[in-house]
Novice: 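Submitted below is the structure of interest, expressed as structure tokens.
Values in this document were obtained by computation on a predicted structure and should not be read as measured data.
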Amino acid sequence: MATLKTGNKTDMAHAQRQRSDLMVWLTLLAAGMVATVLAVATDARLDSAAPPFLGRYELAWVPASMAAPIVAATVLLVARTRWAQRASWRRILVLAYLGSAAWLVGLAQSQPNGLTAYLTNRDGYLPQADSIGTLPELFATFGNTDSLHSSSVTGHPPGTVVMVWLLNSLPMSHTAAALVWIAFGALSVPLILSVARTTCGHVAARALAPVLVLAPYGIWIAVGPEGLTITVAAAGLAAANHASHHRQSGWSAAIWALVAGLLLAAATMFAYITAWFGLSVACLYFARRRPFHNLATGLGALLPFIAFQLAGFDWTASLLSAYEGYLSRVDDDRSVGWWIVLSLVVALFAMGPAIVASLRKTRNTPAWPFLIGSGAAVMFSICMGIARGGVEETWLPLFPWLMIAATAPQRPAGRPVPAPLLLAGGGAVAAIILQSVLVSPW
């Protein structure tokens, strides 16, 4: 009887904390909306028809819009069952992957032509890939601000457009190509869960699954190939996590550390901001007392840079060119002060109420190295003045790692907490509402 009463008290306390986190998130979001209204009312230079996001607002509903709510309800119902708590870890990973893929497809289908709209529009990747003659020609001109590539493409390294070019050479429709990107993007969920399991424990990782599956930032993974960036970066961090595990030693650990460097460097060929995950890896090796792993990971990271350099692409020059090009486009059009606030509002929305629980328990999780790298990347973007709209795409690879402490214990080394289904559901509802009214440029 005493055990039953203790369990009931624990469940009630967990439910109360979820409600508290949800209310904090809604309050912060409301404050952000007020700031947005003030920015518009004072004619601030925002250069957007849909602040705090880029794009425009347009109510859209198609019969397929019901897919996302059905997927969200199914995920939450399954997560509540005893089976989900007792299923093997392999089944959890498979279900998380399938649930994430279904969620992404459901979100994309909420808009007319949602699966292919961004890939095929004038500034999207397919038209740019069609204009590629040879890869050496692409690499030689990619960092040139006078190139014919669109600003959305030249703001990234060439990895994504090269992958689209390779995929476009295969005999498949645009819809099939979009589904391939979604399949890649959904792979990030089991990869992140595998990291959470070995750093935070299997109970915390299971509880994190519905949060990642129904994350609101899925809106932007679903519409284009940016999900590949998240997956490649997650694979690199998973390899570093595996290399530094206490069960790994000798050549096996060195090889995994080398693979981690290769994958993380590959991720920087898709998005410059993923270079900050190198800080997460360094912190992880420090926490696990594996300093020499930095040598293997650093060596692995050099190889893709050397290969691209030999192919004619200078990553550093391209980064500086992208930065200068970005400032030249937005310097006179977007107020940096207002956009710092609005960018944080966008990030708050994109991660859903689970971000409140994660930030509240940052000190309680052994996964802190991943929070350090992601948080430093956000702060650097703000300090450099490049958080002036569009962070829903730019910060996309960082979002899941900022949420990794959502299921950490309430106290260091305390009891694991149950799955925060109220927070996961709140984020899913927010994503469904936003997807029905926002037409994003990506």
Novice: For the OH atom on Y57, are there more than 12 heavy atoms of other groups (residues, nucleotides or ligands in this structure) within a distance under 6.0 Å?
Specialist: yes
Novice: R45 and S335: side-chain donor and acceptor closer than 3.5 Å?
Specialist: no
Novice: Should the pair W181 and F184 be assigned to parallel (<30°), tilted (30 to 60°) or perpendicular (>60°) ring geometry?
Specialist: tilted
Novice: Examine Y272 together with W315 and report whether their ring centres are nearer than 6.0 Å.
Specialist: yes
Novice: State whether the side chain of S100 and the backbone N or O of Y97 hold a donor-acceptor pair below 3.5 Å, judged by distance alone.
Specialist: no
Novice: Indicate the atoms forming the closest heavy-atom contact of L193 with W89, along with that distance.
Specialist: O-CZ2, 3.6 Å
Novice: Might you confirm whether atom CE of M379 has over 12 heavy atoms from other residues, nucleotides or ligands at distances under 6.0 Å?
Specialist: no
Novice: Out of the candidates L28, V24, L22, only one should pair with L26 under the side-chain contact (heavy atoms from CB on, under 4.5 Å) rule; please name it.
Specialist: L22
Novice: Got a donor-acceptor contact below 3.5 angstrom from the W103 side chain to the A186 backbone?
Specialist: no
Novice: Looking only at atom types and distance, does a side-chain atom of Q435 sit under 3.5 Å from a main-chain N or O of S110, one as donor and one as acceptor?
Specialist: no
Novice: Within the supplied structure, the quantity of interest is the number of heavy atoms (other residues, nucleotides, ligands) at a distance under 6.0 Å from M23 CE; does it exceed 12?
Specialist: no
Novice: Does a side chain donor of either N241 or R288 reach within less than 3.5 Å of an acceptor in the other side chain?
Specialist: yes
Novice: Would you confirm whether S343, through its side chain, and V391, through its main-chain N or O, come within 3.5 Å as a donor-acceptor pair?
Specialist: no
Novice: Say you draw a straight line from CZ of F277 to CG of L264; how long is it, rounded to the nearest 0.5 Å?
Specialist: 8.5 Å
Novice: Using only atom types and a distance under 3.5 Å, with no angle test, would you say the side chain of N364 pairs donor to acceptor with the backbone of P409?
Specialist: yes
Novice: Indicate the atoms forming the closest heavy-atom contact of L262 with G300, along with that distance.
Specialist: CD2-O, 3.3 Å
Novice: Sub-3.5 Å donor-acceptor pair from the side chain of D47 to the main-chain atoms of R334, do we have one?
Specialist: no
Novice: Please check if the side chain of R290 supplies one atom and the backbone of H245 the other of a donor-acceptor pair under 3.5 Å.
Specialist: yes
Novice: For the pair Q18 (side chain) and L422 (backbone), establish whether a donor and an acceptor sit closer than 3.5 Å, ignoring hydrogens and angles.
Specialist: yes
Novice: Measure the spacing between CG of L396 and CZ of F399 and express it to the nearest 0.5 Å.
Specialist: 6.5 Å
Novice: Measuring only between side-chain heavy atoms, which start at C-beta, is V34 closer than 4.5 Å to L38?
Specialist: yes
Novice: Give a yes-or-no answer on whether the side chains of R80 and Q85 include a donor-acceptor pair shorter than 3.5 Å.
Specialist: no
Novice: Are the side chain of R206 and the backbone of A84 linked by a donor-acceptor contact shorter than 3.5 Å?
Specialist: yes
Novice: How are the rings of W25 and F349 set relative to one another: parallel (under 30°), tilted (30 to 60°) or perpendicular (over 60°)?
Specialist: tilted
Novice: Test your reading of the model: is there a side-chain donor-acceptor pair from K361 to the backbone of A408, 3.5 Å cut-off?
Specialist: yes
Novice: Take T36 and W338, measure what side chain to side chain contact (heavy atoms under 4.5 Å, CB included) needs, and give me the verdict at the end.
Specialist: CA-CA 8 Å; T36 302; W338 278 110; over 6 Å; no
Novice: Closest heavy-atom contact between W401 and I404?
Specialist: O-CG2, 3.3 Å
Novice: Please check if the number of heavy atoms outside Y285 that lie under 6.0 Å from its OH is greater than 12.
Specialist: yes
Novice: Name the orientation class of the two ring planes belonging to F53 and W220 (parallel below 30°, tilted from 30 to 60°, perpendicular beyond 60°).
Specialist: parallel
Novice: Mind listing the closest non-hydrogen atom pair of V232 and L263 along with its distance?
Specialist: CG1-O, 3.4 Å
Novice: So among L402, V211, L208, L371, which one has a side-chain contact (heavy atoms from CB on, under 4.5 Å) with S358?
Specialist: L371
